[in-house]
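Data block below; observations after.
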Amino acid sequence: GQNIDQPTEMTATEGAIVQINCTYQTSGFNGLFWYQQHAGEAPTFLSYNVLDGLEEKGRFSSFLSRSKGYSYLLLKELQMKDSASYLCAVPPGRSGAGSYQLTFGKGTKLSVIP
Amino acid sequence: ETGVTQSPTHLIKTRGQQVTLRCSSQSGHNTVSWYQQALGQGPQFIFQYYREEENGRGNFPPRFSGLQFPNYSSELNVNALELDDSALYLCASSSPTGYEQYFGPGTRLTVT
């Protein structure tokens with residue numbers, strides 16, 4: 001089975017940096033996804049990590065350590081519009097036809113305050 | 001905008017009724033996945049359709065069923081609705097070689 005754990009809520013100040021952690025247990029590993037979901041809207045793709053290390057994409061970076069079963073999403077220069085839920089997700093350990101069937105964590109609700 | 005559309009936007013049903021939700025995938029995508037998202041939770045995988053065949057199923061009972069059509073649009077059917085079925089139902093389309101899934105805006109189902 002697969003299990004994902006991430007904090008329920010976080011609060012940070014506009015302009016600051018925030019790190020959202022995710023730990024996971026999977027049988028096999030095919031990468032880790034981060035999605036952003038604003039209230040009442042669909043999740044949107046942020047990042048996909050397969051190899052260890054940090055991947056930077058503008059204000060957002062994602063880190064993966066496969067040996068520790070750990071990932072984090074780093075958001076820099078926080079803006080009010082970054083207030084949203086951030087979802088960590090993993091696909092099944094086995095590959096198959098079709099695309100990934102994701103197991104999501106419960107999400108971390110980030111509130112950015114002035 | 002992802003190009004994935006879902007209908008209806010909102011739906012209210014009574015316990016025991018049946019419901020059909022629809023999804024049109026992004027152009028060129030032949031894989032559609034359905035997820036259920038309860039309030040305050042992450043999405044839970046229901047099932048996936050690839051080239052009109054069910055290609056995997058999550059931990060949902062058989063009263064959750066689906067179809068995919070030759071144009072790759074898809075339907076999710078839920079029979080004998082229960083109160084716990086109240087949730088946001090999301091469909092996501094993807095290409096078989098791509099890892100990114102594009103989610104539609106969802107259908108908010110309320111069962112009373």
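Fair warning: this is a prediction, and the values are worked out from it, not measured in the lab. Chain naming here is simple, since letters A, B, ... match the order of the sequence lines and numbering starts at 1 in each.
- With a 6.0 Å radius and a threshold of 12 heavy atoms from other residues, nucleotides or ligands, A:Lys106 has its NZ atom at or below the threshold.
- Heavy atoms closer than 4.5 Å to chain B are found in both the backbone and the side chain of A:Leu102.
- Listed by first and then second residue, the side chain to side chain donor-acceptor pair (under 3.5 Å) pairs involving residues 34-43 of chain A are A:Trp34-A:Ser71, A:Gln36-A:Tyr86, A:Gln37-B:Gln37 (not counting sequence neighbours).
- In B:Leu39, the CG atom is not crowded: 12 or fewer heavy atoms of neighbouring residues, nucleotides or ligands sit closer than 6.0 Å.
- Formation of a donor-acceptor pair under 3.5 Å by the A:Gln101 side chain with backbone atoms of B:Gly58 is not found in this model.
- A pairwise comparison of heavy atoms in A:Ala42 and B:Pro105 identifies CB-CA, 4.1 Å as the closest pair.
- The CZ atom of A:Phe45 lies 10.5 Å from the CD atom of B:Gln101; values are rounded to the nearest 0.5 Å.
- Closest heavy-atom contact between B:Pro43 and A:Leu87: CD-CD1, 4.0 Å.
- Other residues, nucleotides and ligands contribute more than 12 heavy atoms inside 6.0 Å of the CD1 atom of A:Ile113.
- For chain A, the nearby part of B:Tyr35 is the side chain; its heavy atoms alone come within less than 4.5 Å.
- Sorted by first and then second residue, the disulfide bond (SG atoms under 2.5 Å apart) pairs involving residues 1-45 of chain A (not counting sequence neighbours) are A:Cys22-A:Cys88.
- Annotation: the span from B:Gln41 atom CD to A:Phe104 atom CZ amounts to 13.5 Å, rounded to 0.5 Å.
- Around the CG atom of B:Asn59, the shell of radius 6.0 Å holds no more than 12 heavy atoms that belong to other residues, nucleotides or ligands.
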